[in-house]
Amino acid sequence: MAEQKELQIGVAGQAVILNCRGIPQGMGVTWKYSKAVIRLFRTTHLKGKLIFSKGKATMTDRSEINPTSKHLKVMDLRLSDAGTYTCEYGSHTVSISLHVFKLTISLDGHFLPNEVPKLTLMQNSTHPLPNLNITLFNNNNNIVRPKFLQNETPQKYTLMLKQLEATDSGTWMCHIRSDSPLINQNISFELKVLGFQNLYSERKYATVDSTVILSWHLNFQQIKWKEGFTGQMNWKQQESATAHELLDFNVTARGEQHETKKISRFRFEIPESKPKSTIQVELSKVHFNHSGQYQCQLAYNGRYTHNKIELVVMKVSADPVGPLSRGAEMTLICQVSSPLPSNTHLLWKHMNGTPIDIKKSKQHAVKVEVKVSAAGVWSCHLIEDNDSKISLNYIVEEAPVWLSYVVIGASVGGSILFFGLACLCIISGISWQHRRQRAKRMIRARQYLLENKTCQCQQ
């Protein structure tokens, strides 16, 4: 009986087709695994009818024979399916050694940002297991350098990847190579990282009484995430302050998004029309104390990830408030709710003024002041990397001339009145002093007379 030997590679969880070439048309075939029959295919002598029969090998129920090519297909391959398969037809036997690889990914391939995947590659064969050369390619087809942990057994390789980001979602590739036996196999696998399309924390600027929209774009539809998860949005004015829950939400396994607004100390709205897969709130007529950290948090299987937007609010004011009188001065104040980064500053600028009429804040300062003595429009700009992000105008109005005279008259009149009151007080004080002294003299005179009268009676 002639015998041929071949090597084929299979991947656990997938299907493998074992080829048996050279079978004449109409000839039956028997497939065996370690001498146990898997399936057989033969023709009867009556009208050449085809008959398929099942054996008792472990993979029989996961296998089928192609009636045309006589190849054997084994589905949902398992690591234990590795071994020697034989294809027998006529006086010929084809022996196939099936080498099976199994690649598993921790957490079933579902991750949150900053988590570290662990890959485990196992191999099984009837022959001595070779040393493998493993190369990983990410979703952009770039080589990734994993950390190899010490092998627990000769058939097991454990690889640790780097911390993931939401952009790492997609199809990765594990390339396996060996010189003896000759193996050159690719195994693709999926990594899904649930998170935000805006990867990093964001700083948003707004002026008092303006409307601002805060948005977080989730990637669950983009990466075809098929698991349910929950989330919430919180606000706190400072890092050390207590967080207040503004809304919570949940997303079902079918991608349906539901949001519930919570009670808060200031008003906000959830826009009715917004992009899909987006958590969004609208703050109208922003107050200075609406500033702070707005955090959107996702929760999946007891694990969490979050993304923050820091809202910085700017306001302008004057001291004193009101029209500017002729010859008077006023201090304009431009202030933000939190210290600015080193690449950002405040700038007062006189509209249609000269380059001298500019006042810039110091580094990390929260306000800048400028003294003005003339009417006009002043504009405060928040500059980040030479780009004006927001601005707010303050109009300094000049007091009418008659008001200036009124003010001057009131000042002079007030001075005269004050002087008159002072003089009156002085005169009243002197008069009261004179009356007091005269009263004292009269009391002494009365006492003197009484004393003299007493003396005359005694005589």
Q: Asp168 side chain to Glu165 main-chain N or O, any donor-acceptor pair under 3.5 Å?
A: yes
Q: Rounded at 0.5 Å granularity, tell me how far CG in Leu72 sits from OG1 in Thr30.
A: 11.5 Å
Q: Taking the side chain as every heavy atom from C-beta outward, state whether Thr158 and Lys118 have any pair of such atoms under 4.5 Å apart.
A: yes
Q: Quick check: does any side chain N or O of Asn140 sit under 3.5 Å from a backbone N or O of Asn142, one acting as donor and the other as acceptor?
A: no
Q: Are any side-chain N or O atoms of Ser337 and backbone N or O atoms of Val313, one a donor and one an acceptor, separated by less than 3.5 Å?
A: yes
Q: Would a distance-only check, ignoring hydrogens and angles, find a side-chain to backbone donor-acceptor pair under 3.5 Å from His110 to Asp108?
A: yes
Q: Distance-only criterion, 3.5 Å: show the donor-acceptor pairs between side-chain atoms of residues 274-281 and protein atoms not counting sequence neighbours.
A:
| residue | atom | partner | partner atom | Å |
| --- | --- | --- | --- | --- |
| Lys274 | NZ | Glu259 | OE1 | 3.0 |
| Lys274 | NZ | Glu259 | OE2 | 2.4 |
| Lys274 | NZ | Thr278 | O | 3.1 |
| Ser277 | OG | Gln221 | OE1 | 2.9 |
| Thr278 | OG1 | His217 | ND1 | 3.2 |
| Thr278 | OG1 | Pro275 | O | 3.2 |
| Thr278 | OG1 | Lys276 | O | 3.1 |
| Gln280 | NE2 | Ser215 | OG | 2.6 |

Q: A quick test of your reading: do over 12 heavy atoms of other residues, nucleotides or ligands sit less than 6.0 Å from NZ of Lys285?
A: no
Q: Would you call the rings of Phe52 and Phe41 parallel, tilted or perpendicular, taking 30° and 60° as the class edges?
A: tilted
Q: For residues Leu382 and Leu340, determine if any side-chain heavy atom of one lies less than 4.5 Å from a side-chain heavy atom of the other.
A: yes
Q: If you round to the nearest 0.5 Å, how far is OG of Ser317 from CD of Gln335?
A: 7.0 Å
Q: Tell me whether the count of non-hydrogen atoms from other residues, nucleotides or ligands lying under 6.0 Å of CD in Gln238 goes above 12.
A: no
Q: So if I apply the side chain to side chain contact (heavy atoms under 4.5 Å, CB included) rule between Lys308 and each of Glu202, Gln293, Gln297, which one comes out positive?
A: Gln293
Q: Determine whether Thr305 and Asn114 make a side-chain contact, defined as any pair of heavy atoms from C-beta on separated by less than 4.5 Å.
A: no
Q: If you draw the axis of the six-membered ring of Phe288, does the NZ or CZ of Lys315 fall within 45° of it and under 6.0 Å from the ring centre?
A: yes
Q: Work out which heavy atom in His381 is nearest to a heavy atom in Ser388; give both atom names and the distance.
A: ND1-OG, 3.1 Å
Q: Could you give me the CA-CA distance, side-chain angles and deciding distance for Phe249 and Trp216, then say whether ring-ring contact (aromatic ring centres under 6.0 Å, His included) is met?
A: CA-CA 13 Å; Phe249 60 91; Trp216 289 265; 9.5 Å; no
Q: With a 4.5 Å heavy-atom cut-off, do Leu107 and Asn301 have their side chains touching?
A: no
Q: Pair Gln185, His99 - check side chain to side chain contact (heavy atoms under 4.5 Å, CB included), show working.
A: CA-CA 11 Å; Gln185 181 70 30; His99 194 122; over 6 Å; no
Q: How far apart are the closest heavy atoms of Gly10 and Leu98, and which atoms are they?
A: N-CD1, 3.9 Å
Q: Check whether any side-chain heavy atom of Leu79 lies under 4.5 Å from a side-chain heavy atom of Gln155, and answer yes or no.
A: yes
Q: Give a yes or no answer on whether the side chain of Tyr157 reaches the backbone of Leu132 with a donor-acceptor pair at less than 3.5 Å.
A: yes
Q: Between Ile176 and Ile187, is any pair of side-chain heavy atoms under 4.5 Å apart?
A: yes
Q: From the options Lys73, Arg39, Lys54, select the one residue that forms a side chain to side chain donor-acceptor pair (under 3.5 Å) with Ser63.
A: Arg39
Q: Between Leu332 and Lys359, is there a side-chain heavy-atom distance shorter than 4.5 Å?
A: no
Q: With distance as the sole test, does Asn219 use its side chain to make a donor-acceptor pair with the main-chain N or O of Val193 at under 3.5 Å?
A: yes
Q: With distance as the sole criterion, is a donor-acceptor pair present between the side chains of Thr230 and Asn250 under 3.5 Å?
A: no
Q: Lys360: which residues meet the side chain to side chain donor-acceptor pair (under 3.5 Å) condition with it, sequence neighbours left out?
A: none
Q: As an exercise, state the distance from OG of Ser379 to CG of Leu347, rounded to the nearest 0.5 Å.
A: 8.5 Å
Q: Determine whether Glu6 and Arg21 satisfy the following criterion, salt bridge (charged side-chain N to carboxylate O under 4.0 Å, His left out), listing intermediate values before the conclusion.
A: CA-CA 11 Å; Glu6 296 182 6; Arg21 301 177 182 84; 3.4 Å; yes
Q: Could you check whether atom NZ of Lys102 has more than 12 heavy atoms from other residues, nucleotides or ligands sitting under 6.0 Å from it?
A: no
Q: Which of parallel (below 30°), tilted (30 to 60°) and perpendicular (above 60°) describes Trp378 and His350?
A: parallel
Q: Just how far is it from atom CG of Asn234 to atom NE2 of His306, taken to the nearest 0.5 Å?
A: 10.5 Å
Q: How close do Val212 and Ala206 get, heavy atom to heavy atom, and via which atoms?
A: CB-CB, 4.3 Å
Q: Check the angle between the aromatic planes of Phe189 and Trp172 and answer parallel, tilted or perpendicular using the 30° and 60° thresholds.
A: tilted
Q: Determine the minimum heavy-atom distance between Ser106 and Phe111, stating which atoms define it.
A: O-CZ, 3.1 Å
Q: Can Asn184 and His175 be counted as having a side-chain donor-acceptor contact under 3.5 angstrom?
A: yes
Q: Taking disulfide bond (SG atoms under 2.5 Å apart) as the test, write out the residues that go with Cys334, two or more places apart.
A: Cys380
Q: For Lys349, look at atom NZ and say whether over 12 heavy atoms of other residues, nucleotides or ligands are found less than 6.0 Å away.
A: no
Q: Please determine whether the number of non-hydrogen atoms from other residues, nucleotides or ligands lying under 6.0 Å from atom NZ of Lys162 exceeds 12.
A: yes
Q: Could you report the tightest heavy-atom contact between Tyr33 and Ala82, atom names first, then the distance?
A: OH-O, 2.7 Å
Q: For Asn198, is there any backbone N or O sitting under 3.5 Å from a side-chain donor or acceptor partner on Asn307?
A: yes
Q: When you measure from the side chain of Asn139 to the backbone of Ser169, do you find a donor-acceptor pair of N or O atoms at a distance under 3.5 Å?
A: yes
Q: For Glu269 and Lys261: C-alpha separation, side-chain torsions, deciding distance, then whether side chain to side chain contact (heavy atoms under 4.5 Å, CB included) applies.
A: CA-CA 9 Å; Glu269 298 297 331; Lys261 186 177 177 182; 3.9 Å; yes
Q: Keeping the roles fixed (side chain from Arg62, backbone from Met75), state whether a donor-acceptor pair exists under 3.5 Å.
A: yes
Q: How close do Ser125 and Ser97 get, counting heavy atoms only, and between which atoms?
A: OG-OG, 4.3 Å
Q: Between Trp348 and Val316, is a side chain to side chain contact (heavy atoms under 4.5 Å, CB included) present by the stated rule, with each step listed?
A: CA-CA 10 Å; Trp348 269 120; Val316 294; 3.8 Å; yes
Q: Determine the interplanar angle of the Trp225 and Phe229 rings, folded into 0 to 90°, and report it as parallel if under 30°, tilted if 30 to 60°, perpendicular if over 60°.
A: perpendicular
Q: For the side chain of Gln8 and the backbone of Ile17, is there at least one donor-acceptor N/O pair under 3.5 Å apart?
A: yes
Q: Looking at side-chain heavy atoms only, is the closest gap between Glu227 and Tyr300 below 4.5 Å?
A: yes
Q: Stepwise, does the side chain to side chain contact (heavy atoms under 4.5 Å, CB included) test hold for Gln163 with Val116?
A: CA-CA 5 Å; Gln163 288 185 332; Val116 177; 3.7 Å; yes
Q: Any idea how Tyr294 and Trp235 line up, ring-wise: parallel (<30°), tilted (30 to 60°), or perpendicular (>60°)?
A: tilted
